[in-house]
Chemist: 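Have a look at this one.
Since the structure is predicted, the reported quantities are computational estimates derived from the model, not experimental observations. Side-chain atoms are counted along with the backbone in the values below, which use heavy atoms only and exclude waters and symmetry mates.
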Amino acid sequence: MKKNEIVENIIIILNWGQENKEYKSKIFDALDGVNWYLSNELMTRVLMRLSKARLEKIQHDAIEAIY
């Protein structure tokens, strides 16, 4: 999976999490310090700067948070 695909997945989960308050704190924890409140465009830029390994961990943890 490419970095941009991972970032897209994370953004989808974040947007979903904004609507589902019960998962919000778990998803926030999964982000591991990345600012939750950025716009999608800024969040995409921030996430693209991270290593692929860190993005994969964030994606994994965010998915775990909602299951």
Side-chain angles (χ1 to χ4, degrees):
M1 189 176 277
K2 295 177 183 169
K3 261 176 92 167
N4 64 322
E5 292 172 328
I6 297 169
V7 169
E8 283 176 26
N9 289 343
I10 294 169
I11 298 291
I12 289 167
I13 294 167
L14 291 178
N15 288 333
W16 182 85
Q18 295 284 20
E19 305 295 319
N20 295 274
K21 305 297 185 222
E22 64 189 285
Y23 297 105
K24 195 169 183 175
S25 63
K26 291 179 183 177
I27 296 170
F28 181 75
D29 289 344
L31 278 173
D32 190 29
V34 178
N35 188 343
W36 166 278
Y37 299 101
L38 296 174
S39 69
N40 286 354
E41 184 182 328
L42 286 173
M43 179 64 83
T44 299
R45 280 198 228 154
V46 168
L47 291 172
M48 285 301 285
R49 289 189 194 133
L50 303 178
S51 70
K52 187 171 178 187
R54 179 145 181 232
L55 286 174
E56 287 170 344
K57 181 181 184 333
I58 290 171
Q59 176 182 243
H60 175 268
D61 292 349
I63 290 170
E64 288 272 311
I66 61 176
Y67 287 110

Chemist: Taking all atoms of both residues into account, what is the closest heavy-atom pair of Ala62 and Ile27, and its distance?
Modeler: O-CG1, 4.5 Å

Chemist: What's the separation between atom OG in Ser39 and atom CZ in Arg45, rounded to the nearest 0.5 Å?
Modeler: 7.5 Å

Chemist: What are the two closest non-hydrogen atoms of Leu55 and Ile10, and how far apart are they?
Modeler: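 The answer is O-CD1, 3.8 Å.
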
Chemist: Looking at every heavy atom in both Tyr67 and Ile63, which two are closest together, and how far apart are they?
Modeler: CD1-O, 3.1 Å

Chemist: For a quick test of reading the model, state the closest non-hydrogen atom pair linking Trp16 to Ile66 and the distance between them.
Modeler: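 Closest pair (atom of Trp16, atom of Ile66, distance): CZ3-CG2, 3.3 Å.
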
Chemist: Using only atom types and a distance under 3.5 Å, with no angle test, would you say the side chain of Lys52 pairs donor to acceptor with the backbone of Met1?
Modeler: yes

Chemist: Which value, rounded to the nearest 0.5 Å, describes the distance between Arg54 atom CZ and Arg49 atom CZ?
Modeler: 12.5 Å

Chemist: Under 3.5 Å, side chain of Lys3 to main-chain N/O of Met48, donor-acceptor pair present?
Modeler: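 Side chain of Lys3 to backbone of Met48: a pair is present.
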
Chemist: Under 4.5 Å between any side-chain heavy atoms of Asn40 and Leu14, yes or no?
Modeler: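 A side-chain contact under 4.5 Å is absent here.
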
Chemist: Look up atom CD1 in Ile11 and atom CD1 in Ile6, then write down how far apart they are to the nearest 0.5 Å.
Modeler: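 With rounding to 0.5 Å, CD1 (Ile11) is 12.5 Å from CD1 (Ile6).
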
Chemist: Leu47 and Thr44: side chain to side chain contact (heavy atoms under 4.5 Å, CB included), yes or no, with the steps?
Modeler: CA-CA 5 Å; Leu47 291 172; Thr44 299; 6.0 Å; no

Chemist: What's the shortest heavy-atom distance between Met43 and Leu38, and which atoms?
Modeler: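 The pair with the smallest heavy-atom distance is N-CB, 4.0 Å.
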
Chemist: To the nearest 0.5 angstrom, please state how far the CD atom of Gln59 sits from the CD1 atom of Ile12.
Modeler: 10.0 Å

